[in-house]
Chemist: 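So that we are looking at the same thing, I have put the structure below in structure tokens.
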Amino acid sequence: MTEVAESRSAPWSATASTRWSAPWSALAPVAWLGVFVILPMATLLTTHVDAADATRVLSRASTRETLWFSVWQAVVSVLFAFALATPVTWLVGRHDFRGRRVLRSVASIGFLLPSIVVSAGFLALLPNDLDTSLFAVFIAHAYFNVAVVLRVVAPRLESLDTRLMWAARTLGAGPLRTVVSVWWPALRGAIVSAGAVIFIYCFSSYAVVRTLGGPSRNTLESDIAVRAYAIGDIGGAVVLSLLQIATIVVVVLLGRRVTRDANFGVRRTRVTLGRLANSRKLIARSIAIVTVGFVLAPLAALAVSSLRVGEQWSIAGWRAVFSGGIIGSTSPLQALWSSARTAFVASIFGVVLAVLMSHAVTRLGTRGRWLEVFAMLPLAVSPVTLGLGLIVTFDEHWYDWRSAWWFVAVVHTIVAFPLAVRVLVPSWRNVSPVLRDAAAVLGASPARRLLDIDLRLLRPAIVAAIALIGAVSLGEFGAASMLSRSGAETLPVAISRLLGRTGDVVRTQAFVLATLLVVACLAALLVIDGTDWRTRPSRKASRARSH
Amino acid sequence: MLAVTDLRARRGDNDVLRGVSLQVSRGERVAVHGPSGCGKTTLLLAIAGLVPVTSGRVTLAGIDVTGMPTHRRGVGMVFQDDQLFPHFNVAENVGYSLRVAGMPKNERKQRVEGWLHQVGLIGFGARSVDGLSGGEAKRVALARTLAASPSVVLLDEPLTGLDDVLRDRLLNDLRALFDELQTTVVMVTHDRAEAAALSHRAVEFDRLMRD
């Protein structure tokens, strides 16, 4: 290692001269999370719940039933997701073929689509006797999470050291023994991580269960919403929220325990994947067709249903939407405008906060790692609980913001914040500090270095973060359904309202709005996938570090 | 021109610079050589203000710059790995210091073309830096540094990583360019031959240290 490279790892590089700004840049996002996450949660816990609420709710049989349903439907959903994702994960993870990247992108579409849109898609796709059933819930949950399995397990599969398998075979292990003794230990970490993420997602499912589960099925999340908003039992809702958080914490801890020593067999370098053997091409094509078909079918069903009223082909739904038909007190056009406005404001505020936070995270060493954990705080609180906390906290005097349209945007910045930070932090870490040194000796001040080096190199990641926050905001349903006020409902809330009403044209309008939302989210997805936000270090920057 | 007096710097528990002193006259080229890891690069970084020093002094043209931030020192440095900005093309890299200084675009363009001509890279302005060979990248890094009109140029292992033919050609070009511009240079290298070929005076790194 040369002296330059050594000096980069020491805390005394030119970047030390810009470190003064890091704690200051953390101020705004930390204050934001403090005011809009910690304060509402503290308000809920200190003023709206007591021991009697806990005893009342936890001793009730219906709570145990809801908890049990939340758990087992999540477990079955995990199995569904793995069953659907395993073939495509094997194909993408172990083979190189034309269209591999496209297949991976298409198979990942589901994860970024709004839950209400996917629910509407399966409502449109499935026959009447299945469209509000447990099967519909499982298949919709699997739809979102094929991407999780693919994106978490396939990279591990890609880097699996085939020599270990050869070694096992030459030592006398049969195919099954090789799988048990080599494949499983190497993949265990990724599989358990993906399973835990999917479990948590399905366990706290709201829009899917509410739309496809039928009136009698509730997860803890949907029960929280019912209890808080329909019944007005805020104490009970808070107890259920705590129960939900406790379950999630247990799953996270269990997952961490299982994956603790799970890096066996993984090469550090990228391996060259084998070309598809001719004998496997037919299987590969079948897997690709089934996967793409599965992903696109609900979206196509939405588009088709938006052109049908009852049994007839008609553009009445589209006409009704654009002529300003009314859903409650909001017209579809108003909902479109409301969603666009909310997504725009959330993206701008969210990306500024995420850039500030990721700057602090990457410049503060060990303290930065704690800050990164803090930035993930919104992931621990469900949007419904967050919405509830905000409603009971900001409800009087000058800070009664419950009816302000921008309040929904505030919540969306919080919901999307951890994801945006996750996008920005690795990209920022990839910026070679020696480039800042080079700019400094050319006369660039700390502010100029930040603008010309960091933010310029970070540009693709910033664009991806904006698109990601926009997509999350466009599709977010849980908090928006709590906070959207009459006359300013967002698209997902409007879609949900329309789906809950009777009448063919009304239902078609829901499919029209869902189709529009799909188009908007796919546009955002194209931006995210199109920008190489991971900002790979340049050839020369890599060389600097490799010395 | 450049005076380094009893400079000390620590890295962790190790004293990397232990009372280093060095005098360089205007237009002089001094090569500091020594084995890898002895602290040569740290000396350059300390002169540029890129690492903090625990004691000692750096003066440039009689002005004490020890506590001055890097961007105000007027010291140029060519890094061992060039450190060209990957998001800028060749011309933008070369003209970066001029842009920072607020030079109008037309004038900047002329200056950049002039520097590219000086280092033998006419017509390279619009190229991406990722497509450059090792020798070309080194020339761009040099042009970028010289365009800033620094009072002293610091070169960190300027010829490392180049093949023999490129190395000899670049060595001759550098010598001619520095002679023409009367550039004050401090270079560090582990290669005695390189040190002798490019400098007016070569010194052993250990000899610069008091302790």
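In what follows, chains are A, B, ... by sequence order, proteins preceding strands, each numbered from 1. This is a predicted model, so every value here is computed, not measured.
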Chemist: Count the heavy atoms belonging to other residues, nucleotides or ligands that lie under 6.0 Å from CD of Glu204(B), then report whether that count exceeds 12.
Modeler: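 Atom CD in Glu204(B) is crowded, with more than 12 foreign heavy atoms closer than 6.0 Å.
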Chemist: Non-hydrogen atoms of chain A under 4.5 Å away: do they reach the side chain of Phe85(B), the backbone, both or neither?
Modeler: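 Contact with chain A is through both the backbone and side chain of Phe85(B).
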Chemist: Does His71(B) reach the side chain of Arg448(A), with side-chain heavy atoms less than 4.5 Å apart?
Modeler: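 Side-chain contact under 4.5 Å: no.
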Chemist: Between Val100(B) and Gly443(A), which heavy-atom pair has the shortest distance, and what is it?
Modeler: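 For Val100(B) and Gly443(A), the tightest heavy-atom pair comes out as CG1-O, 3.3 Å.
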Chemist: Drop me the distance from Leu442(A)'s CG to Arg144(B)'s CZ, to the nearest 0.5 angstrom.
Modeler: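 Reported to 0.5 Å precision, the distance equals 5.0 Å.
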Chemist: Counting only heavy atoms not in Phe97(A), do more than 12 sit closer than 6.0 Å to its CZ atom?
Modeler: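 Check passes, neighbour count above 12.
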Chemist: If you take all heavy atoms of Ser432(A) and Gln83(B), which pair is closest and at what distance?
Modeler: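 Looks like OG-OE1, 3.9 Å.
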Chemist: Quick one: pull up CG in Leu50(B) and CZ in Arg436(A) and give me the separation to the nearest 0.5 Å.
Modeler: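 If I round to the nearest 0.5 Å, the distance is 12.5 Å.
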Chemist: Might you point out which heavy atoms bring Pro86(B) and Leu457(A) nearest each other, and give the distance in Å?
Modeler: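 Result for this residue pair: CG-CD2, 3.8 Å.
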Chemist: Against chain A, work out which of Arg73(B), His87(B), Arg72(B) has the most heavy-atom pairs shorter than 4.5 Å and name it.
Modeler: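 Top option by heavy-atom pairs under 4.5 Å: His87(B).
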Chemist: Do Arg99(B) and Asp452(A) come within less than 4.5 Å of each other through their side chains, counting heavy atoms only?
Modeler: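 Answer yes - side chains close enough.
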Chemist: Counting neighbours of CG on Asp163(B) that are heavy atoms of other residues, nucleotides or ligands and sit closer than 6.0 Å, is the number greater than 12?
Modeler: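 Count over threshold, so yes.
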Chemist: As an exercise, state the distance from CG of Leu435(A) to CG of Asp82(B), rounded to the nearest 0.5 Å.
Modeler: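 Here the rounded value is 11.0 Å.
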Chemist: Under 6.0 Å from the CZ atom of Phe349(A), do we count more than 12 heavy atoms belonging to anything else shown?
Modeler: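 Open: at most 12 neighbouring heavy atoms sit under 6.0 Å from CZ of Phe349(A).
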Chemist: What pair of heavy atoms forms the shortest contact from Ala438(A) to Phe79(B), and how long is it?
Modeler: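 Between these two residues, the closest heavy atoms are CA-CE1, 3.5 Å.
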